[in-house]
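Structure first, commentary second.
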Amino acid sequence: MFFSFMLLFSRQGKLRLQKWYVPLSDKEKKKITRELVQTVLARKPKMCSFLEWRDLKIVYKRYASLYFCCAIEDQDNELITLEIIHRYVELLDKYFGSVCELDIIFNFEKAYFILDEFLLGGEAQETSKKNVLKAIEQADLLQEEKILKVYIN
Amino acid sequence: MPAPIRLRELIRTIRTARTQAEEREMIQKECAAIRSSFREEDNTYRCRNVAKLLYMHMLGYPAHFGQLECLKLIASQKFTDKRIGYLGAMLLLDERQDVHLLMTNCIKNDLNHSTQYVQGLALCTLGCMGSSEMCRDLAGEVEKLLKTSNSYLRKKAALCAVHVIRKVPELMEMFLPATKNLLSEKNHGVLHTSVVLLTEMCERSPDMLAHFRKLVPQLVRILKNLIMSGYSPEHDVSGISDPFLQVRILRLLRILGKSDDDSSEAMNDILAQVATNTETSKNVGNAILYETVLTIMDIKSESGLRVLAINILGRFLLNNDKNIRYVALTSLLKTVQTDHNAVQRHRSTIVDCLKDLDVSIKRRAMELSFALVNGNNIRGMMKELLYFLDSCDPEFKADCASGVFLAAEKYAPSKRWHIDTIMRVLTTAGSYVRDDSVPNLIQLITNSVEMHAYTVQRLYKALLDDISQQPLVQVASWCIGEYGDLLVSGQCEEEEPIQDEVLDVLEGLLVSNLSTPVTRGYALTAIMKLSTRFSSVNRIKKVVSIYGSSIDVELQQRAVEYNALFKKYDHMRANPNPNIAVITIHASNSTEADMTDFVFQAAVPKTFQLQLLSPSSNVVPALNQGTVTQVIRVLNPQKQQLRMRIKLTYTLKGSAVQDLAEVNNFPPQSWQ
């Protein structure tokens, strides 16, 4: 499913992560974020996880104090999108060990790295939880090295 | 120079700020420090500073001065630097600014790096935000990596290729050779991204679509393996093996099978298999079923399979999970035209969804309900829809009202039902009715000649209750103006108003704060028209002349023109069509029993023409308890003496009775 963007925000509307897969100006991103966050926060618990907003299909789910909210295309499958969101949450959970909002706040760059090993260009690149986590682990180890060995192929 | 504070330290500090102003001050201080650090070209802490900048950017503060620093980080040989650098590029750089092009060379180098995680970073960044120029420059590198045996890189290259194709569709051809054996991969990551790539290519090019049709058997096989294979812990989600891959394959099959008999046939069995065997207790199973249904409906599947699909949707409608109900309604809406009868079977469940709490579900249920209305179910459906109209949120009322009008126009079982339905809409949702409904309704009422009396009476009554709903008021005003004679002539079943009462109501509209200028226009025109139907001409003249000096230009103009009619054309007033006589008959019954099936017929000499409007009833109550009235219009162009032969037929105490008579004593005023 092609994600146009993915936003993570708290119940107070504070942004914790924003990943954009379409080119928009900073101003446009801010406007979309502000309005969409307001719209989603106004939804009641009994409402479903999907809504049409402007001409986008929005899928969102709340996990503890964080809302995971993304925009997909018209022909995309909303139900599998919920599974994709859930997979990302599981990855964060496994990586941080019982993840909570504070983990995402203080380690936001790691949250991005994990997302970038799971999705690429708005589509899922790896469907095995194990493989995503393995790649992150290896990359983290690589950070320990002083200088990378470089030879051009 | 002390070392710049660490990222987590900064985050902690900023979170202690108690006000927005305090936070801004902290941010500004830190930004100043970061700026000077950047100016000093400090390599050691550049990564830390950019990371902090990215945090502050997420809080909403400007960070553009860090853009070039990101580029420097990307060029560094430390993995940490590259990681943050690429992240920064994706967050801060904008493809519309030229500075992003400076990345191109770095990315090119990193795509050829010896460390796959560096290559991965480059592929990710290119696939996320690569501009058209960058894609053009680097497509060749991506294509190379698409052919590598390293599955970690191959899967990323596939999605990167998807992005390149989206940005520069002409480059699609160059990836064709590399797709040759993509589906032979065992690695699920590569399989998944390959299917995405193939989907993208097929969607964009009919030639590619034709070319890739031959992959259908292979895709079917892969899907079959996923379903039949035992438990695979690596890809298992609630007992289902790699649902993500299953869904993508189903979608690709949909595209390949559409409009192609052979392909559709080749996938028929597997679709039936997935449709019947998938576990439905969790969302993941339903996600696959949903995709399967979409595919079945889009390809040339046999009717049995289609019915199976609609029934799955029908079951979805009964699911407790509102998300499932939502997608069911969405899908049914798509198929209701092509598989109308199958969807009809689920009509009552759909109608139940009108009472759902979720706004999106309600809306879809409403649209679907309107799509399912036909001549057979109109009465029952309209009851539900009118009930919905009464109780729904304002955002639905306009669309619902329009839908009701359309459905009523197409399938009304009787004129009276039609008028009643319109009345119901106008009185319950009158202020939400679209502006263009007013002239349409007036047209409809005009054409229902036998309903004029009934309609004007009901509209008049509605006005007595409520004058706030403008479309209702406008239609009512027009009707009173046009059929006011019927309103006061004893045509009505109940107590009829007298002329002055009617004029009171219309004048009330003119002065009310609730009336819009358009409504006032209608009211004034109606009053004017009544000057030819009512006898209180002087009163009307007075009202009209008052508005000759109204502030509202539209009203003023009308009043002035109407005034002119009074002055210059008054001689035409007496009888607008001097050749038509309007006669009202009143039938009463003094016997002990009711006269049922009462029919009044009349015949006139050849030079006359007769028009009988509908009687108020077919039952004349016994013992003078009520009368039946009926209006006769007689056209008498030659102004001859009016004579009439009348025939009464009715049933009294079980026997049919017929009465004939001649009437020759019409007063001269009626025909002279």
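Order of the sequence lines fixes the chain letters, A, B, ..., with proteins taken first and strands second; residue numbering starts at 1 for each chain.
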*Starting at CG of B:Leu245, measure out to OG1 of A:Thr127 and round the result to the nearest 0.5 Å.*
6.5 Å
*Most chain A-contacting option - heavy-atom pairs closer than 4.5 Å, from B:Val284, B:Ile288, B:Asp94*: B:Val284
*Pick one of side chain, backbone, both or neither for B:Asn286, based on which atoms fall under 4.5 Å of a heavy atom in chain A.*
both
_A:Glu78 versus B:Tyr290, side-chain donor and acceptor atoms under 3.5 Å_ = yes
*Stepwise, does the side chain to side chain contact (heavy atoms under 4.5 Å, CB included) test hold for A:Phe2 with B:Val162?*
CA-CA 11 Å; A:Phe2 177 66; B:Val162 170; over 6 Å; no
*Go through the atoms of B:Lys334 and report whether side chain, backbone, both or neither lie under 4.5 Å from a heavy atom of chain A.*
neither
_For chain A, which candidate among B:His64, B:His163, B:Met90, B:Gln97 shows the most heavy-atom pairs at distances under 4.5 Å?_
B:Met90
*Would you please go through residues 61-69 of chain A and name the residues with a non-hydrogen atom below 4.5 Å from one of chain B, in numerical order?*
none
*Among residues 89-102 of chain A, which ones touch chain B with a heavy-atom distance under 4.5 Å?*
A:Leu102
_Shortest non-hydrogen contact from B:Tyr152 toward A:Ala135_ = CE1-CB, 3.8 Å
_CG on A:Leu142 to OG1 on B:Thr80, rounded to 0.5 Å_ = 8.0 Å
*Which bit of B:Arg8 is near chain A, if near means a heavy-atom gap under 4.5 Å: side chain, backbone, both or neither?*
both
*Do A:Cys48 and B:Arg325 have side chains that get closer than 4.5 Å, going by heavy atoms?*
no
*Can you say whether B:Leu87 sits under 4.5 Å from chain A via the side chain, the backbone, both, or neither, judging by heavy atoms?*
side chain
_Contact winner vs chain B - A:Glu52, A:Lys29, A:Arg16, A:Gln18, heavy-atom pairs under 4.5 Å_ = A:Glu52
*Determine the option with the most heavy-atom pairs under 4.5 angstrom with chain A, choosing from B:Lys155, B:Glu95, B:Gln116.*
B:Lys155
*For B:Arg254, is it the side chain, the backbone, both or neither that has a heavy atom under 4.5 Å from a heavy atom of chain A?*
side chain
_Point-to-point distance, once rounded to the nearest 0.5 Å, from NZ of A:Lys129 to CG of B:Asp236_ = 9.0 Å
*With side chains defined as the heavy atoms from C-beta onward, is the minimum distance between B:Phe244 and A:Arg87 less than 4.5 Å?*
yes
*Please state whether the side chain, the backbone, both or neither of B:His192 comes within less than 4.5 Å of a heavy atom of chain A.*
side chain
*Between A:Met47, A:Lys14, A:Gln138, which residue shows the highest count of heavy-atom pairs closer than 4.5 Å to chain B?*
A:Met47
*Over all heavy atoms of both residues, which pair between B:Cys128 and A:Lys19 is shortest? Give the atoms and the distance, please.*
SG-CE, 3.9 Å
*Around atom NZ of B:Lys355, are there more than 12 heavy atoms of other residues, nucleotides or ligands at under 6.0 Å?*
yes
*Are any side-chain N or O atoms of B:Asn323 and backbone N or O atoms of A:Ser49, one a donor and one an acceptor, separated by less than 3.5 Å?*
yes
*Of the backbone (N, CA, C, O) and the side chain (C-beta and beyond), which part of A:Lys30 lies under 4.5 Å from a heavy atom of chain B, both, or neither?*
side chain
*Can you check whether anything in residues 33-43 of chain A gets within less than 4.5 Å of chain B, heavy-atom wise, and list it by number?*
A:Arg43
*Looking at A:Lys44 and B:Asp358, does any basic side-chain N land under 4.0 Å from a carboxylate oxygen?*
no
*asked:* At a 4.5 Å cut-off on heavy atoms, which part of B:Glu200 comes close to chain A: side chain, backbone, both, or neither?
replied: neither
_Inter-residue atom distance A:Asn77.CG - B:Leu294.CG, 0.5 Å rounding_ = 7.0 Å
*Pull out the residues in residues 104-126 of chain A that come under 4.5 Å of chain B, heavy atom to heavy atom, sorted by number.*
A:Ile105, A:Phe106, A:Asn107, A:Phe108, A:Glu109, A:Lys110, A:Tyr112, A:Phe113, A:Asp116, A:Glu117, A:Leu120, A:Gly121, A:Glu123, A:Ala124, A:Gln125, A:Glu126
*Measure the spacing between CG of A:Leu79 and CZ of B:Phe316 and express it to the nearest 0.5 Å.*
6.5 Å
*Presence of salt bridge, A:Glu83 and B:Lys282, under 4.0 angstrom*: no
*How long is the gap from CD1 on B:Ile361 to NZ on A:Lys46, to the nearest 0.5 Å?*
12.0 Å
_Engaged part of A:Thr81 at the chain B interface, taking heavy atoms whose separation is under 4.5 Å_ = neither
*asked:* Under a 4.0 Å threshold between the charged nitrogen and the carboxylate oxygen, would B:Arg83 count as salt-bridged to A:Asp140?
replied: yes
_Given A:Ser128, which partner from the list B:His235, B:His188, B:Glu234 fulfils the side-chain hydrogen bond (donor to acceptor under 3.5 Å, both in side chains) test?_
B:Glu234
*Among B:Arg251, B:Arg12, B:Met129, which has the most heavy-atom pairs under 4.5 Å with chain A?*
B:Arg251
